[in-house]
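One structure is given below, encoded as structure tokens.
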Number of protein chains: 2
Amino acid sequence: MSQHRPAGASGSPGVVPALPDLPEATVARLPEYLRALHHLAESGHDTVSSEGLASAAGVNSAKLRKDLSHLGSYGTRGVGYDVALLVEQIEYVLGLTQRRAVALVGVGNLGHALAGYAGFGTRGFRIAALFDADPGRVGEQINGLTVRHIDELPACAAQESIAIGVIATPARAAQTVADQLVAAGVTSILNFAPCVLSVPEGVDVRKVDLAIELQILSFHEHRKASLTALPDTPGAGIAAIPNRLGGGGLGSSGTQEAVGS
Amino acid sequence: MSQHRPAGASGSPGVVPALPDLPEATVARLPEYLRALHHLAESGHDTVSSEGLASAAGVNSAKLRKDLSHLGSYGTRGVGYDVALLVEQIEYVLGLTQRRAVALVGVGNLGHALAGYAGFGTRGFRIAALFDADPGRVGEQINGLTVRHIDELPACAAQESIAIGVIATPARAAQTVADQLVAAGVTSILNFAPCVLSVPEGVDVRKVDLAIELQILSFHEHRKASLTALPDTPGAGIAAIPNRLGGGGLGSSGTQEAVGS
DNA sequence: CCATGTGAATATATTCACAGCC
DNA sequence: GGCTGTGAATATATTCACATGG
């Protein structure tokens, strides 16, 4: 499906750099652009301006243009971006031209929900296998898949070409599971367990910790409360309160910006 | 220099001391330090060096020291940090000295799992109420709580002093729910729906999108594949990298750094 | 000594502002 | 005219390296 190569133009000989090396911050935003573009496509738009796409994705237009410029320009000056073309480009860069097989380990509370989450299926992934270490859970059917024992992981990973694993076990089991995944050839891990994983070089780990997200919000609640509690105290001995506006702020993942202007 | 601020102990009641204004990147890491500190405390440590805490939290020690220095110094040169004191300080800064009430909206697939997630309870939060718009779900008991209709949100939020809301609805319902939460006085929202929310200034939104996390990993998979496939193998489909990559890789994915020794 | 805390140096990210092209 | 693409300017974050003080 990938006839398109975002290669540097001209006839520079030899190697085609399959991927431009993108800033991490840009990589983290491309999926959001992709989602917004699909939404726009469904509502009949076939082109969109940087302003329009930016607001659909919750960022400002300068950032969006800079991000897209790293992919090599696919917009038209005076017009905007071709939605279908941009979708194709971003999907190519994100490696979504193939549907990637994912192994999910841990079918407890959260694992069950993840196994049933439709969003994985519609956005480039296929949950290829479910695993658990608890024999009492092995054999259970979830969403058309049978839970297997973790010992079957190596064989299954090889057969299904699984390169991405999701850990949804309790924290105490997570490191062992990570080791097993790596041993089975997995090179990317999404970790929902509240702990740090140690993995060899070349393996990528992303972590999602639900309580941490709330704790970050708690900080902002605390700060807002402390600001409103001191309306305009005249020289109370505490240093002047920085006048920071707005909700949001930035974060490595997830904090939405307040669109000021 | 180090002005000691006993959290909530002294001073006239009602007066909230101003918070140091922390870099967002630091705020996002404090919860991880807190988790690591609790773990250390449980295993009997009562002091820890920046090196030790950093490795337990998956960051490097310089970053950790810089982060902690923003809270005002609570370490002892030549010794390290007092675990209990640091826990207390971070919990104070994050606003975790009170247990915050949270409303969860949407008890479908994911909402169910979140309602049952023990980590919220053990790390500073109390799920105070569950809501759904579907009358067929109202009345259901989950984890000791009864699902209420979303229309009861305003009354309930006021009564329970709910300032934080979690949205676990389908994307099409999320904006409406957000509006309802804001109208009910909620000023921080954790959004699991794959869409951008528009909220008034002063309301903080954090977003967790499970598919986006996988897509970011997919990018790194794609990049790793293109690097290993590059040298002189043109167009050779997908190779299932069997071996760990050798040297020179750019390590981390931005969330977790290479850990291990 | 030793490990913290911190200025200085570097790296990364965002925003501005406008040239260039449709 | 309008909008993209981009260098330059600014802001934020990370890392270095060492003075400081228990």
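Throughout, a chain's letter reflects where its sequence line sits, starting with A, and its residues are numbered from 1.
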Which letters describe nucleotides 8-13 of chain C, given B = protein heavy atom under 4.0 Å from base, S = only from sugar-phosphate, - = neither? B----S

Residue list, salt bridge (Lys or Arg N to Asp or Glu O under 4.0 Å) with B/Glu91, at least two apart or on another chain: none

What pairs with A/Lys224 under salt bridge (Lys or Arg N to Asp or Glu O under 4.0 Å), at least two apart in sequence or on another chain? A/Glu221, B/Asp204

How many Å lie between CG on A/Asn60 and P on D/dC3, as a whole number? 16 Å

The side chain to side chain contact (heavy atoms under 4.5 Å, CB included) partners of A/His45 (sequence neighbours excluded) come to A/Leu40, A/Ser43

Kindly state which residues belonging to residues 39-50 of chain B come within less than 4.0 angstrom of DNA chain C, counting heavy atoms of the residue only, listed by number. B/Ser49, B/Ser50

Side chain to side chain contact (heavy atoms under 4.5 Å, CB included) involving A/Ala36 - partner list, sequence neighbours excluded: A/Leu53, A/Ala56, A/Ala57

I need the B/Asp82 CG to B/Glu88 CD distance, nearest 0.5 Å. 9.0 Å

Using the 3.5 Å cut-off, write out each protein N or O paired with an N or O of nucleotides 17-22 of chain D and the distance between them.
{"residue": "D/dT20", "atom": "O2", "partner": "B/Arg77", "partner atom": "NH1", "Å": "2.4"}

Who are the side chain to side chain contact (heavy atoms under 4.5 Å, CB included) partners of A/Ser49, not counting sequence neighbours? A/Glu51

Side chain to side chain contact (heavy atoms under 4.5 Å, CB included) partners for B/Asp179, two or more places apart: B/Gln175

Considering residues at least two apart in sequence or located in another chain, which fulfil the side-chain hydrogen bond (donor to acceptor under 3.5 Å, both in side chains) criterion with A/Ser218? B/Arg100

In chain order, what residues pass the salt bridge (Lys or Arg N to Asp or Glu O under 4.0 Å) check against B/Arg123, with sequence neighbours excluded? A/Asp209

Of all residues at least two apart in sequence or in a different chain, which pass the salt bridge (Lys or Arg N to Asp or Glu O under 4.0 Å) check with B/Arg29? B/Asp67

